[in-house]
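This report concerns only the one structure given below.
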Amino acid sequence: MTGITYLRGDATAPSVKGARIIAHVCNDIGGWGKGFVVALSRRWPQPEAAYRAWHRGRAANDFALGAVQVVRVEPYVWVANMIGQRGIRTGSKGAPVRYEAIGTALGHLAGHAAALDASVHMPRIGCGLAGGKWSRVEPLVVERLVARGTSVTVYDHGD
């Protein structure tokens, strides 16, 4: 038992009451346009616009692996852009996923969730285009969020 609730459905549309944060992993090069971000952008323009501005201003802000940007998209819904991927392609150093950065970002996210008294909703972060393995990400989610009392729901898209 991990303490994570698993559902089949759309992570962009959590059907629970109260404050909700939708978390996902972004790359560190300013790219937005494939994977889960497409579903986010279909629902709200704010997360992409905020991420792109954050990346553009990176010389003067905290944009880096492990950083989190929380963007309000509805009165009780926020999107957490978490930088947990180095680049976008698998190369000599393996898949773009960076587990340590995801762990750091989840730790920051826990603080935001506590401050907002929010539940966290996500796809299997870092396991799509980033090329990560859920067996490595799930323990980070449990340690950084669930163990700190944050309710977490992971969505698997499709039937």
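- Looking at Ile21 and Ser119, their side chains never come closer than 4.5 Å, going by heavy atoms from C-beta outward.
- At a cut-off of 3.5 Å, with distance as the only test, a side-chain donor of Asn81 or His24 sits close to an acceptor on the other residue.
- The side-chain heavy atoms of Ile22 and Val73, taken from C-beta on, include no pair separated by under 4.5 Å.
- For the pair Arg144 (side chain) and Val142 (backbone), a donor-acceptor distance under 3.5 Å is absent.
- Counting heavy atoms from C-beta outward, Pro14 and Thr153 have side chains that stay 4.5 Å or more apart.
- For Glu100, the CD atom sits in a loose shell: 12 or fewer heavy atoms of surrounding residues, nucleotides or ligands are nearer than 6.0 Å.
- Contact check for Arg124 versus Phe36: no side-chain heavy atoms found under the 4.5 Å cut-off.
- Under the ring-ring contact (aromatic ring centres under 6.0 Å, His included) criterion, His55 pairs with Phe63, sequence neighbours left out.
- With sequence neighbours excluded, the residues that form a ring-ring contact (aromatic ring centres under 6.0 Å, His included) with Tyr155 are His121.
- Here the side chain of Asn27 pairs no donor or acceptor atom with the backbone of Arg86 at under 3.5 angstrom.
- In this pair, Trp32 and Tyr51 present their aromatic rings tilted. The plane angle is within the 30 to 60° band.
- No donor-acceptor pair closer than 3.5 Å links the side chain of Arg136 to the backbone N or O of Tyr99.
- Closest non-hydrogen pair, Ala130 versus Ala95, comes out as O-CB, 3.4 Å.
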